[in-house]
**Student:** 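Input: one structure, supplied below.
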Amino acid sequence: MLDKQADSAKPERSLHALFGGTFDPIHYGHLRPVEALAQQVRLQQVILLPNHVPPHRPQPEASAQQRLEMVKLAIEGNPLFQVDDRELQRTTPSYTIDTLESLRAERGPELALAFIIGQDSLLSLHKWHRWQSLLDVCHLLVCARPGYAKKLDTPELQNWLEQHQVTQPEKLSQQPNGFIYLADTPLLDISATEIRRRRREGLSCDDLLPRAIQRYIELQGLYREP
Ligand code: ATP
């Protein structure tokens, strides 16, 4: 771990974060852990990035516009969050690393920038396009998610994690990129898959996502088809 390295008293910068997802639909399993994380590591801002899903992958049931609308409803009146629809605007899919590099280019090399993922995404990160370049552009902040292993698949991957891991959140704002922080966020056993299934089966989703999104889903007739 890097915490034990010499800790020169660098001035604290503000920490900005991005949170990508299919958000089909966005739910409390996305929102609550990230809100807790924002408190823990003192995030100034979280930009939600709805993904453009490439055609060879299983397609979201909601359209890009509907997923964007649901994200907007989720963050209405919450100044922590903003939405960035650059991936949805593109006609071709973009990899996360490309989006992060374009944001880094826009915001300059000094800004402390983090990308938020859940524990399941950390476990499959080594399958992402140019995954090893992610830490050249940002930090990784990992939210706990129930039902997923704590250790990475291989000793090499676990070693990579431990080499970059920090346990003191203050570190994150002291350098622009390069650290991994495993956050102690509330465990919410919620997935979009489960919400879509419950909706098809006519079951209540009351505790799983905000009421305004439930109303939107109802009005748009989403997640009805078997
Ligand atoms: P699906 O069930 O359709 O695969 P999902 O609920 O996993 O969707 P995504 O939009 O794929 O949601 O997830 C976006 C990001 O949010 C990922 O990094 C994922 O790890 C994280 N995430 C999703 N649900 C949770 C949860 N309950 N707790 C912590 N992190 C979560």
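Remember, it's 1-based here, ligands and their atoms both numbered in the order they're listed. Along the sequence shown, the residues carry numbers beginning at 1.
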**Student:** Mind checking whether Gly118 has an N or O less than 3.5 Å away from an N or O of ligand 1?
**Tutor:** yes
**Student:** For Gly21 and ligand 1, does the shortest N/O to N/O distance drop below 3.5 Å?
**Tutor:** no
**Student:** Quick one: closest heavy-atom pair of Gln214 and Asp206, and the distance?
**Tutor:** OE1-OD1, 3.0 Å
**Student:** If the contact criterion is a heavy-atom separation under 4.0 Å, does Gly20 count as touching ligand 1?
**Tutor:** yes
**Student:** For Gln39, does the CD atom have more than 12 heavy-atom neighbours from other residues, nucleotides or ligands under 6.0 Å away?
**Tutor:** no
**Student:** Taking distance alone, with no angle check, do Pro146 and ligand 1 share an N/O pair under 3.5 Å?
**Tutor:** no
**Student:** Below 4.0 angstrom from a heavy atom of Phe19, which ligand 1 atoms are there? Numbered from 1 as shown, please.
**Tutor:** 15 (C), 16 (O)
**Student:** Starting from atom 23 (C) of ligand 1, locate the nearest protein heavy atom and write down its residue, its atom name and how far away it is, to 0.1 Å.
**Tutor:** Arg145 NH1, 3.2 Å
**Student:** Compute whether any side-chain donor of one residue and acceptor of the other, for Thr99 and Arg86, lie under 3.5 angstrom apart.
**Tutor:** no
**Student:** For ligand 1, which atoms have a heavy atom of Arg196 less than 4.0 angstrom away?
**Tutor:** 3 (O)
**Student:** Pick whichever of Asn51, Ile117, Asp120 has a heavy atom sitting closest to atom 19 (C) of ligand 1.
**Tutor:** Asp120
**Student:** Pull out every atom of ligand 1 sitting under 4.0 Å from any heavy atom of Thr193, numbered as shown with elements.
**Tutor:** 1 (P), 2 (O), 3 (O), 4 (O)
**Student:** In terms of residue, atom name and distance, what is the protein heavy atom nearest to atom 11 (O) of ligand 1?
**Tutor:** Thr22 OG1, 4.0 Å
**Student:** Strictly under 4.0 Å, does any heavy atom of Glu194 approach an atom of ligand 1?
**Tutor:** no
**Student:** What do you reckon, does Asp24 put a non-hydrogen atom under 4.0 Å from ligand 1?
**Tutor:** no
**Student:** Tell me which one of Gly29, Pro58, Ser191, Ser121 gets a heavy atom nearest to atom 18 (O) of ligand 1.
**Tutor:** Ser121
**Student:** For Gln66 and Asp24, does a side-chain donor sit closer than 3.5 Å to a side-chain acceptor?
**Tutor:** no
**Student:** Are Glu194 and Arg199 within salt-bridge range, i.e. N to O under 4.0 Å?
**Tutor:** no
**Student:** Might you confirm whether atom CG of Asp207 has over 12 heavy atoms from other residues, nucleotides or ligands at distances under 6.0 Å?
**Tutor:** no
**Student:** So, taking the atom named CD in Gln163 and the one named CD1 in Ile180, what distance separates them when rounded to the nearest 0.5 Å?
**Tutor:** 9.5 Å
**Student:** Short list, please: which atoms of ligand 1 are under 4.0 Å from a heavy atom of Leu188?
**Tutor:** 26 (C), 27 (N)
**Student:** Determine whether the aromatic ring centres of His139 and Phe179 lie less than 6.0 Å apart.
**Tutor:** yes
**Student:** Regarding His16 and Gln44, do their side chains bring together a donor and an acceptor under 3.5 Å, going by distance alone?
**Tutor:** no
**Student:** Do me a favour and list the nearest non-hydrogen protein atom to atom 29 (C) of ligand 1 with residue, atom name and distance?
**Tutor:** Ala144 O, 3.4 Å
**Student:** Does any N/O atom on Gln119 come nearer than 3.5 Å to any N/O atom on ligand 1?
**Tutor:** no
**Student:** For Glu162 and Gln158, which I'm curious about, is there any donor-acceptor pair between the side chains at under 3.5 Å?
**Tutor:** yes
**Student:** For atom 12 (O) of ligand 1, what is the nearest protein heavy atom, given as residue, atom name and distance?
**Tutor:** His30 NE2, 2.9 Å
**Student:** Does any N or O atom in Ala192 lie less than 3.5 angstrom from one in ligand 1, N or O only?
**Tutor:** yes
**Student:** Working to the nearest 0.5 angstrom, can you tell me the gap between Leu182 CG and Gln119 CD?
**Tutor:** 6.5 Å
**Student:** Below a 4.0 angstrom heavy-atom separation, can you tell me which part of His27, side chain or backbone, both or neither, approaches ligand 1?
**Tutor:** side chain
**Student:** Quick one: does Pro33 get an N or O within less than 3.5 Å of an N or O on ligand 1?
**Tutor:** no
**Student:** Determine, using ring centers only, whether Phe23 and His30 are less than 6.0 Å apart.
**Tutor:** yes
